[in-house]
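This report concerns only the one structure given below.
Atoms within each ligand, like the ligands themselves, are counted from 1 in listed order.
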Amino acid sequence: MLYSKVRYIQLPKVLRRLNQQLHFRTIQKQSSPVTTVVIRHTHAGNVGEEKVAAGGTFQIMGETYRADSWTNVTPKIISNIGKNLHNQQHHPLCLIKQRIINYFYANFTNRSENPIFAVFDNINPVVTTHQNFDSLLIPEDHPSRAKSDTYYVTKDQLLRSQTSAHQEELIIMGFDSFLAVGDVYRRDTIDATHYPVFHQMEGVRLFSESEVFKGVNDPTGLTLFEDTNQIKRTSDKQESHTLDAVKLLEYDLKNTLSSLAHHLFGEDIQYRWVDCYFPFTHPSWELEILYKDEWLEVLGCGIMEQKILLNAGAKNKIGWAFGLGLERLAMKLYQIPDIRLFWSNDSGFLNQFKVEDPETPIAYKPVSIYPQCTSDLSFWIPKDYTENDFYDLVRSVGGDIVEQVTLVDTFLHPKHQKTSHCYRIIYRHMEKTLTQKEVNDVHRQITQAAIDQLKIEPR
Ligand code: FA5
Ligand code: MG
C-alpha cells in the first residue's frame with residue numbers, strides 16, 4: 001500500500017505561522033495543474049529572451065519580483081518552478097523519495113515507535129542569500145555565489161542551489177532530526193548526469209552528549225567538547241569537538257548512509273567513501289556508487305560545523321548532515337540512462353512507474369523515439385464483462401505496438417441501463433513511425449476481435 005510506513009506529523013504552532021513557506025508532506029496528483037508562471041515585462045523584453053530585463057516584474061509561485069542587476073533567472077528555468085516532480089504521485093523521483101523516507105521512518109524511531117525524522121518537502125525554492133550561503137558559512141568570495149553559478153531572482157534572493165539552505169531555519173525551529181526535500185537550481189552544464197534543475201534531500205541529525213555516548217560501556221569522562229579553546233583543527237575534527245565524539249558520529253553517519261544504499265540497491269551494491277570539503281561540515285565525505293562501471297557521486301555529508309549549531313541556538317549538541325541527489329540514485333535504481341528523462345511528459349516513460357507500493361522493483365525500458373498515435377474505442381459492455389479481458393485482447397491483437405490502454409470514460413445510459421466504456425489506446429512502434437493506415441488497420445482488428453470474443457457492441 002502506498003505510504004505504508006509513512007506517518008504524518010502534526011504541524012507545530014511555530015510552523016503554522018510560516019505556513020506560506022513551509023508545509024509538511026504533500027503529494028500532488030500527476031494530473032493536477034502545475035503552478036502557472038506568468039512572466040510580465042513592464043519594460044522592454046520578451047518572454048522568450050534569455051533573462052528577465054532589469055526593472056521588469058515577474059512572478060514565481062504567485063509572488064511578484066522586480067528584476068535588478070543581479071537577476072539572471074530565465075523564463076525557461078522559472079517554468080520548472082512549482083512542478084515539484086518529487087511530489088508527483090508515481091513519478092520516479094517521488095517513488096525514490098518515499099523509499100528513502102520509509103527507510104528513515106522504519107529505522108529511526110523513538111520509544112513510542114514514532115519516527116524521529118520530520119519531513120519537509122514543500123519549502124519554497126526562493127531563498128535569501130543568508131539561507132543559501134551565509135548561514136552555511138560560505139565565504140563572500142566563494143565561486144558558488146557568483147552569478148555564473150547561481151540563479152538570482154534579485155540581489156538578495158535566489159533559487160536555492162542546495163537543500164542545505166534550510167538547515168539553519170529548521171534547527172532554529174527546534175528540529176533535531178529532519179529530512180528536507182526539494183528542487184534545486186544551478187547554472188551547470190547539461191549532460192546525462194547533470195541538469196540545471198535537480199532534486200536533493202537534506203538530512204540532519206543532532207545529538208546530545210548522552211545520545212552520542214549511550215552505546216559506550218563506561219562513558220565517564222567522555223564529553224562532546226574540548227574544555228579548552230587551544231585545541232587545533234585537524235583533518236579528523238573541528239577545534240571544539242573531542243575526537244571520541246566525532247569518531248562515534250562519523251561511524252553513525254556512514255552506517256546510516258551505507259545502510260540506506262543497501263536498502264535501495266541490495267547487498268551487492270558497490271560503494272566507496274571519498275574525503276572532500278564543504279564550508280559547512282568538517283570532516284566531510286562523498287559517497288560514490290558504481291554505476292555503468294564508473295564511480296558516480298550520489299551525496300555529500302559530514303560533521304556539521306559547530307558555528308552553525310551555535311548560530312541556530314543548539315550549541316550543546318553536535319550533528320551530522322548529508323545532501324543527496326535524488327536523480328542520481330533514481331538513475332541507478334531504475335536504470336534510467338539520462339537525467340533529462342525525469343522531465344518527460346511521455347506516458348511511455350511515466351507509466352512504467354505507476355505502482356502502488358514504492359518498494360516495487362522497476363527496471364526502466366527505453367521508450368521509442370518514434371511518435372505516439374492515439375485512437376479511442378467506445379462500446380456498450382455486455383454482462384459479466386471485465387476490463388482485464390479487454391486489456392488482454394488488445395495486447396494479443398495489437399502486440400508490441402500497443403504502448404498503453406486506459407479507460408478514459410464510463411457512461412451509464414439512464415433509459416437503457418446499459419454501460420459504455422471508452423478506452424484510449426496509444427500505439428507506438430519501437431523502430432519506425434507508424435502510418436495512420438497501419439494504426440487504423442490494427443485498431444479495426446482490435447474492434448472486430450472485441451465484438452467476436454467479448455460480445456461488445458460498438459457505439
Ligand atoms: C551539496 O549540495 C551539499 N549541500 C551536500 C551536503 C549537505 C554536504 C550536507 C554536507 C552536508 P553537492 O554539490 O556535491 O553538495 O551536491 C550533492 C549531490 O547532489 C551530489 O552528490 C549529486 O548527487 C547531486 N548533484 C549535484 N549537482 C548535480 C547536477 N547538476 N545534476 C544532478 N545532480 C546533481
Ligand atoms: Mg559534490
Side-chain angles (χ1 to χ4, degrees), residues 77 80 85-86 92-93 96-97 100 125 127 131-133 135-138 142-145 149-151 158-168 170-171 177-206 238 249-250 252-254 256-257 260-261 264 271-289 291 294-309 312 318-333 336-343:
I77 287 292
N80 292 313
L85 301 181
H86 62 291
L93 294 177
I96 197 159
K97 175 191 82 170
I100 300 172
V127 297
Q131 288 172 292
N132 203 78
F133 301 122
S135 76
L136 292 162
L137 317 175
I138 296 176
H142 195 273
S144 64
R145 290 190 186 241
D149 280 41
T150 293
Y151 286 108
L158 52 105
L159 301 182
R160 70 182 158 222
S161 63
Q162 48 187 344
T163 43
S164 305
H166 302 294
Q167 281 185 10
E168 186 188 59
L170 292 169
I171 297 172
S177 306
F178 56 85
L179 304 171
V181 196
D183 38 338
V184 300
Y185 298 77
R186 289 187 194 174
R187 300 190 69 194
D188 222 330
T189 45
I190 301 183
D191 62 28
T193 56
H194 292 81
Y195 200 74
V197 191
F198 59 100
H199 298 76
Q200 284 189 336
M201 180 189 283
E202 192 80 5
V204 166
R205 184 158 187 204
L206 307 187
Q238 297 166 35
L249 234 61
E250 173 181 343
D252 188 77
L253 170 63
K254 288 183 172 172
T256 300
L257 294 170
L260 171 64
L264 293 174
Y271 66 85
R272 66 180 189 190
W273 291 103
V274 180
D275 289 338
C276 73
Y277 168 80
F278 296 105
F280 33 93
T281 49
H282 181 75
S284 308
W285 304 275
E286 278 168 353
L287 178 65
E288 297 185 342
I289 58 174
Y291 173 70
E294 288 194 28
W295 290 106
L296 178 70
E297 178 207 318
V298 291
L299 64 85
C301 66
I303 308 301
M304 295 177 74
E305 280 289 346
Q306 201 55 33
K307 188 151 188 271
I308 297 178
L309 300 192
I318 62 172
W320 54 240
F322 67 81
L324 57 80
L326 285 184
E327 279 83 349
R328 299 264 177 100
L329 291 173
M331 286 171 79
K332 167 85 181 165
L333 187 63
I336 296 172
D338 195 302
I339 199 165
R340 285 162 281 205
L341 281 165
F342 291 102
W343 296 90

Exercise. Applying a 4.0 Å heavy-atom criterion (strictly less than), which segment of Phe322 is in contact with ligand 1: side chain, backbone, both, or neither?
Worked result: backbone

For this session: Could you see which bit of Glu327 sits under 4.0 Å from ligand 1, with heavy atoms only: side chain, backbone, both or neither?
Result: neither

Exercise. Under 3.5 Å between some N or O of ligand 1 and some N or O of Gly323?
Worked result: no

For this session: Evaluate the side-chain hydrogen bond (donor to acceptor under 3.5 Å, both in side chains) criterion for residues Glu305 and His282: first the C-alpha distance (whole Å), next the side-chain angles of each, then the deciding distance (0.1 Å), finally the verdict.
Result: CA-CA 6 Å; Glu305 280 289 346; His282 181 75; 5.4 Å; no

Exercise. Is there at least one pair of N or O atoms, one from Glu202 and one from ligand 1, spaced under 3.5 Å apart?
Worked result: no

For this session: With 2.8 Å as the limit, jot down which protein N, O or S atoms are around the Mg ion (ligand 2).
Result: Glu297 OE2

For this session: Under 4.0 Å, heavy atoms only, figure out whether ligand 1 is touched by the backbone of His194, its side chain, both or neither.
Result: both

For this session: Enumerate the atoms of ligand 1 whose separation from the nearest heavy atom of Ala321 is less than 4.0 angstrom.
Result: 9 (C), 11 (C)

Seminar exercise, completed: If we number the atoms of ligand 1 from 1 as shown, the ones under 4.0 Å from a heavy atom of Thr193 are 31 (N), 32 (C)

Seminar exercise, completed: ligand 1 atoms nearer than 4.0 angstrom to some heavy atom of Gly325 are 18 (C), 19 (O), 23 (O), 24 (C)

Problem set entry | Arg145 side-chain N/O to Ile138 backbone N/O, donor-acceptor pair under 3.5 Å | yes

Exercise. What closest approach, in Å, do Tyr151 and Pro196 show between heavy atoms, and which atom pair accounts for it?
Worked result: OH-CB, 4.0 Å

Exercise. Among the heavy atoms of Trp320, does any lie under 4.0 Å from an atom of ligand 1?
Worked result: no

Exercise. Could you give the distance from CD (Glu168) to CG (Leu309), rounded to the nearest 0.5 Å?
Worked result: 10.5 Å

Exercise. Going by the atom numbers of ligand 1, which of them fall below 4.0 Å from some non-hydrogen atom of Ile339?
Worked result: 31 (N), 32 (C)

For this session: Please examine the side chains of Leu326 and Val181, heavy atoms only from C-beta on, and report whether any two atoms are closer than 4.5 Å.
Result: yes

Problem set entry | Within-shell test, Ser284 vs ligand 1, heavy atom, strictly < 4.0 Å | no

For this session: Look only at interatomic distance and state if Gln162 has a nitrogen or oxygen under 3.5 Å from any nitrogen or oxygen of ligand 1.
Result: yes

Problem set entry | From Leu206 atom CG to Ile171 atom CD1, the distance as rounded to the nearest 0.5 Å | 5.0 Å

Exercise. Would you say ligand 1 has an N or O under 3.5 Å from any N or O of Leu299?
Worked result: yes

Problem set entry | ligand 1-proximal atoms of Met304, by part, heavy-atom distance under 4.0 Å | neither

Seminar exercise, completed: For Lys332 and Ile289 the tightest heavy-atom approach is CG-CD1, 3.7 Å

Problem set entry | Leu324 vs Leu260 side-chain heavy atoms within contact, under 4.5 Å | yes

For this session: Please name the pair of heavy atoms, one in Gln306 and one in Gln238, separated by the smallest distance, quoted to 0.1 Å.
Result: N-OE1, 2.9 Å

Exercise. Considering distance alone, does some N or O of Arg186 sit under 3.5 Å from an N or O of ligand 1?
Worked result: yes

Exercise. Quick one: does Gln200's side chain have a donor or acceptor within less than 3.5 Å of a partner on Thr163's backbone?
Worked result: yes

Exercise. Do Ser164 and ligand 1 have an N or O pair less than 3.5 Å apart?
Worked result: yes

For this session: Indicate, as side chain, backbone, both or neither, the part of Phe198 found under 4.0 angstrom from ligand 1 when only non-hydrogen atoms are considered.
Result: side chain

Seminar exercise, completed: Distance col, row Trp285:CH2 vs Ile303:CD1, nearest 0.5 angstrom, shows 4.5 Å

Problem set entry | Between CG on residue Leu329 and NZ on residue Lys97, distance to nearest 0.5 Å | 14.5 Å

Problem set entry | Where ligand 1 meets Thr281 - atom numbers and elements under 4.0 angstrom, heavy-atom basis | 10 (C), 11 (C)

For this session: Measure the spacing between CZ of Phe322 and CD of Glu202 and express it to the nearest 0.5 Å.
Result: 7.5 Å

For this session: Identify the two heavy atoms, one from Gln167 and one from Ala321, that lie closest to each other, and give their separation to 0.1 Å.
Result: NE2-CB, 3.7 Å

Problem set entry | Non-neighbouring partners of Ala330 that pass side chain to side chain contact (heavy atoms under 4.5 Å, CB included), sequence neighbours left out | Leu93, Ile96, Tyr334, Phe342

